[in-house]
Amino acid sequence: MEAPSLAVIGAGGTQAGAMLEVLVKVIDPRTVLAIDRRWAPAARARLERLGVTVLTGDIVQDRANLVDRSMGARLVANLAGPAYVVAPAAFDYTLDLGADYLDITDDIDATAALLARGSEARAKGIAALIGMGSAPGMTNILCRLALDALGDAPDPRIDLACSVDAADLTPASLRHYFHCLATALPGRTGVPTWEELEPEQVDFGAPVGLLTALTLGHPEPLTLPRFTRVKTVTNKGAIAPNEVSYLMWLLARCTNYGVGEAELF
């Protein structure tokens, strides 16, 4: 086995698979270590055809063993979820390796935990880029471009809203959505009432149209005020059709999701 230069956590997922399809066109696939805690046969076969090294291991439960098997990696790309479970363990794994770190973390509590470790990473000479997906990631870049275009306009605020079609939901995205509901209000544990989530009718334009968006826990209200001059940032999300949003909130609320051991998945 070629010494790995890149370790990809959650490599069996859709996003990591798509990234690796492109990446192996510009780097030697033998230097890529693809890690996941379990493999669907099709996902494993797809990566093996690309020529990367496939490894089974749980970053949360068996980190020390994975460190031993991936020594030499200079960069860790964490594309696994849920972020609030995996990201802290993946970051510890990175610190153990002495590698640089990249992820697409999209949970506000995981983001806060990683930002709190910044001084530790700097002390070890580790560069860490977190939240480098579409949201957060591209959203932050677009917000920064908008702020730059506003120049010295006083007291700018950012109101973000996104939508997803119910047909595109996966178990992982649903778990993320429930967690976003449970972390929607700072300092609160559990899923707020419908009214507390401040439902708002947002026009997403054709062909999506008007949807009910709810306040969700997401990293942008934490990170944008930290790294830009904006002080007020809101984040809301919607599912089409609207009744699915209400059903998902109702399921999370009735099961007391996010409190103690209550989980839907």
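Nothing fancy with the numbering, it's 1 onward along the sequence.
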Are [X] and [Y] linked, directly or through other ILVMFWY residues, by side chains that come within less than 4.5 angstrom of each other?
X      : Y      : result
Phe204 : Ile158 : no
Val191 : Leu185 : no
Leu142 : Val202 : no
Tyr177 : Leu247 : yes

Within the 4.5 Å heavy-atom criterion, are [X] and [Y] side-chain neighbours or not?
X      : Y      : result
Asp100 : Val76  : no
Leu33  : Leu6   : no
Leu250 : Met248 : no
Ile35  : Leu66  : yes
Leu160 : Cys143 : yes
Val32  : Ile27  : yes
Leu214 : Lys236 : no
Asp96  : Arg63  : yes

Review point. At their closest point, which heavy atom of Thr212 faces which heavy atom of Trp194, and how far apart are they?
Key: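 Smallest interatomic distance, heavy atoms only, reads CG2-CZ2, 4.0 Å.
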**Study point:** Heavy-atom pair with the smallest gap, counting every atom of Arg144 and Phe227
**Key:**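 Distance-wise, the nearest heavy atoms are NH1-O, 4.4 Å.
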Using a strict threshold of under 4.0 Å (side-chain N to carboxylate O), is an ion pair present between [Y] and [X]?
X      : Y      : answer
Lys124 : Glu120 : no
Asp92  : Arg117 : yes
Arg38  : Asp36  : no

Tell me, yes or no, whether the heavy-atom count around [X] atom [atom1], taken from other residues, nucleotides or ligands under 6.0 Å, exceeds 12.
X      : atom1 : result
Asp155 : CG    : no
Arg74  : CZ    : no
Arg37  : CZ    : no

**Study point:** Trace of the side-chain contact (heavy atoms from CB on, under 4.5 Å) decision for Tyr93 with Asn78
**Key:** CA-CA 10 Å; Tyr93 162 78; Asn78 172 28; over 6 Å; no
Practice item. Can you measure from CD (Glu200) to CG (Leu211) and round to the nearest 0.5 angstrom? Key: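 Rounded to the nearest 0.5 Å, the CD-CG separation comes to 12.0 Å.
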Review point. Do the rings of His179 and Tyr84 sit parallel, tilted or perpendicular, given the 30° and 60° boundaries?
Key: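 Geometry flag for Tyr84 against His179: parallel rings.
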Point to revise | No-hydrogen, no-angle side-chain donor-acceptor test under 3.5 Å, Asn65 and Asp62 | key: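 Per modelled atom types, Asn65 and Asp62 side chains form a pair under 3.5 Å.
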Review point. Would Thr183 and Asp107 count as having a side-chain donor-acceptor pair, cut-off 3.5 Å?
Key: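 Absent: no donor and acceptor within the cut-off.
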**Study point:** From CA spacing to verdict: side chain to side chain donor-acceptor pair (under 3.5 Å), Asn140, Thr223
**Key:** CA-CA 8 Å; Asn140 302 64; Thr223 56; 3.3 Å; yes
Practice item. Assess the pair His218 and His176: is the distance between their ring centroids shorter than 6.0 Å? Key: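 Ring centroids of His218 and His176 are less than 6.0 Å from each other.
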